Amino acid sequence: MLHYLGIALAGLIIGQDPVVQDPAAAPIVNPGAPGAASRQITAAEAVDLSRTTYTDEDVRFMQHMIVHHGQAVEMVELLQTRASSPAVRAIGRRIALSQEAEIDLMQNWLLSRGLPLEAADLHAGHGPTAPASPSHDAHAGHDAHAGHGDHGAAPVDPDTVPIMPGMLSPAQMRALAAAEGPEFDRLFLEGMIQHHKGALDMVDELLSYSDSGNDPMLSDFASSVVADQSAEILRMQSLLSEL
Amino acid sequence: MFVRKALYSSVAAMAVLLGASVASAQVQTIPSDERTELAPGIYDAAEASSGLALEHTLAPPPGFFDPDAIFAPPTTREEAAAYRANPPRYSPLALANSDMAVSDGKLFVGNFNGFNIYDISGGGEPQLLTSVVCPGGQGDVSVHGNLLFMSVEQNNGRIDCGASGADGAVNPERFRGVRIFDISNIRAPQQVAAVQTCRGSHTHTLVPNPADSNILYVYNSATSGVRRSDELSICSDGEPGTNPDTALYSIDVIEVPLDRPQDAAIVNRPRIFEDRETGAVAGLWMGGRAGVASQATARTNHCHDITVFPEIGQAAGACSGNGILLDISDPKNPTRISEIFDADMAYWHSATFDNTGSKVVFTDEWGGGTSPRCTADAPGNWGANLVATITNGELRGRAFHKLPSVQGANENCVAHNGNIIPVPGRDLMVQAWYQGGISIMDFTDPMNPMEIAYFDRGPLGERLMIGGSWSAYWFNGRIYSSEIARGLDVLRLVPSDQLSAAEIAAAEAVMEDEINPQTQTRVSWANTPDVAGAYLAQLRRADAIEADLAQQIDSVIEGWRAGEIDPIAAAAAVASLAVTAETQGVTPLAARRMKALAEVLASAAS
């Protein structure tokens with residue numbers, strides 16, 4: 001995971017240009033319903049459209065959610081030695097188990113479709129130093145980060161920017177790793193609530209794309225994410241009020 | 001092409017192969033030749049050709065190719081079980097190229113995932129203009145003016161051209177039927193109408209209305225299952241005995257007001273298979289074998305393809321279990337004139353008239369297009385063309401013609417789509433045989449159809465992978481072939497002892513603005529030296545003209561070409577031809593060619 005964060009930071013600093021489409025190339029057009037406007041899409045999207053089961057957004061959702069869940073597992077690892085409340089330890093173990101099972105499910109979903117486990121565009125167009133892109137492809141606007149995170153014009157310390165909505169920033173993770181006892185419990189619960197809310201946002205965003213979330217397995221998974229994480233957020237809020 | 005059927009039958013066929021003996025009704029023996037064992041490869045398969053030259057090969061455009069999307073149907077029980085247990089990422093033929101149309105210098109190539117538009121006006125390599133992604137298969141396309149029509153039959157088709165499919169038995173987002181696009185901006189086609197039909201749309205045919213140029217009719221041929229009435233209220237399933245309103249046993253007639261295409265709607269679902277005497281809706285072949293050694297013929301409850309010939313007011317329907325002839329003088333209300341059945345035809349798939357409307361070539365898509373049906377074991381008249389004649393409005397089957405080259409077990413091969421090459425004096429049809437390649441058939445004599453040219457590649461791979469030419473059409477001087485997996489091929493005719501340079505030049509001179517192969521038009525030839533040379537070449541080839549007279553005509557044509565026709569020599573040749581044509585022993589065909597040649601020369605000399 002630290003390795004992962006390192007890559008993430010490099011991405012934030014250098015920035016990654018989204019795919020630039022050759023303006024001379026023949027456009028690839030995806031029409032809408034009768035009377036609705038057509039839109040331009042990329043070759044990758046065109047191939048994806050031929051598949052009857054999932055979309056680009058679905059794939060990115062799965063790839064991003066693996067990273068997202070991975071952080072929860074890492075947070076629970078810290079909890080093993082640093083927490084004080086037995087109730088917090090208990091919910092932490094439960095969260096770790098369910099997140100690990102879901103990571104397996106997501107990895108299998110991607111592998112069985114011959115898809116990479118990691119998103120190529122995890123940080124595309126984000127971060128304070130990412131250059132303004134002259135010609136975003138159609139994907140850029142669909143990136144799971146759109147509408148989230150810090151897009152302020154002022155320079156932002158990358159240390160305070162989570163690589164995904166609802167994830168903890170590197171600074172937050174360091175603070176958590178340095179805390180102990182009741183202070184750790186509080187940071188853990190606050191952080192995990194933020195983390196889980198982020199997952200709900202990701203599902204919301206996925207479902208906002210008209211064609212996404214229809215693959216039966218993915219749809220089941222997204223529903224279970226919503227149900228489990230909502231329940232866990234309520235439980236954690238209750239624990240937080242008792243600290 | 002029938003994918004679902006092929007998937008069913010790949011398992012069922014195994015049972016048949018293992019349990020039953022192969023039918024023995026082998027009439028013709030198909031020979032092996034240089035096409036039989038060509039080396040395989042997706043990009044580098046070996047090629048063989050005769051009378052044809054490959055000018056251009058264009059790989060599928062970006063977004064329309066993935067080697068994983070090439071469909072490899074299971075061929076053993078084990079493979080079938082593995083296929084079901086672990087279906088591939090792509091549905092069968094997800095990115096397959098399909099049918100084509102031409103309009104205003106642009107070529108439209110259908111695809112199960114949409115269609116591609118090429119500029120072919122320059123005469124060189126086609127230039128990709130626009131790709132349109134709109135899944136739903138098969139993507140059969142036709143063009144009229146600024147409107148493009150597209151067939152959609154699969155359950156995953158969506159009204160909004162989206163990719164997520166449409167789950168469930170009933171889904172309000174589902175689209176199966178005929179889409180209409182506005183292509184006035186060729187770089188940004190837009191969907192303007194989507195006419196839902198009960199069985200979707202497998203193919204469709206544009207039918208002009210002679211009484212009102214603002215109205216275009218579309219005959220929709222649909223082959224798959226009937227939708228539930230809670231998804232589309234006009235639909236209900238079942239045999240007519242229990243459900244007189246069944247959506248089976250009909251075609252859809254869609255009326256399109258050209259100034260308001262968004263108002264396109266079904267206006268008739270004629271019962272064109274009804275029994276003329278009893279009026280029973282299911283009046284034609286009820287499915288099954290006519291005899292022990294016969295082909296198992298499909299039940300006639302739909303047409304696969306209809307070719308209309310507006311100038312003669314008729315249409316030929318290839319309608320699963322029968323070939324039929326329709327009167328379309330009132331295009332909204334087609335009525336059946338004649339029908340034929342043949343015990344060796346499994347599935348009547350497509351129909352092509354000759355230039356006068358006195359013959360029809362019906363194809364038999366035995367096995368659905370995903371099976372190797374040109375192997376040495378396959379009967380020589382199964383999965384073939386059936387050449388039929390029309391006499392006094394009556395169809396009569398005359399002779400079978402199958403690709404005369406044994407193909408391998410890794411090559412899906414059966415008769416498929418083609419159209420007429422307009423060589424004056426002959427009936428030539430260029431035709432796709434999937435991985436059997438492209439073949440040109442001369443059916444001038446309906447009793448003796450024969451091949452005169454071909455192009456073929458080796459199989460895609462070392463196992464059965466579905467590909468090959470879906471459609472091979474003559475469009476304004478070149479043959480365009482939509483290769484299911486490999487892209488688009490452009491070929492030209494080259495002279496051979498079967499086809500002269502003059503015959504080729506005469507065909508290449510015929511130009512049409514708009515070509516939808518299922519909407520046939522009658523070709524007429526200008527009086528040119530090439531047209532005269534074409535007739536002369538045919539008379540020579542048939543040994544039907546004296547050498548002296550032939551030489552005399554040669555020099556008249558040469559003078560004409562040079563702009564200095566000798567009117568006296570021409571008149572003499574015309575007179576000799578007129579006399580010879582009436583001579584005893586001259587065949588009717590030779591006499592026709594002589595008279596035609598005489599007319600051309602007479603017009604040149606006058």
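All of these numbers come straight from a predicted model, not from anything done at the bench. Note on naming: letters A, B, ... go to the chains in the order of the sequence lines (proteins, then strands), and numbering restarts at 1 for each one. As a basis for the values below, the full set of heavy atoms in this structure was taken, side chains included, without hydrogen atoms, waters or symmetry mates.
- The number of heavy atoms from other shown groups lying within 6.0 Å of CZ (R463(B)) is above 12.
- Remark: side-chain polar atoms of Q190(B) are paired, donor with acceptor, to backbone N or O of A36(A) under 3.5 angstrom.
- Both the backbone and the side chain of L128(B) come within contact range of chain A, judged by heavy atoms closer than 4.5 Å.
- Comparing A33(A), G32(A), P34(A) by how many heavy-atom pairs each has under 4.5 Å with chain B, the most go to P34(A).
- With a threshold of 4.5 angstrom between heavy atoms, A194(B) approaches chain A through its backbone and through its side chain.
- Contact annotation for V192(B): only backbone heavy atoms (N, CA, C, O) come within less than 4.5 Å of a heavy atom of chain A.
- Heavy atoms of F181(B) lying under 4.5 Å from chain A belong exclusively to its side chain.
- Closest non-hydrogen pair, P31(A) versus V133(B), comes out as CD-O, 3.1 Å.
- Here the closest heavy-atom approach between residue P189(B) and residue S38(A) is recorded as O-OG, 2.6 Å.
- Note that CG of D160(B) and CG of N30(A) are 8.0 Å apart. Values are rounded to the nearest 0.5 Å.
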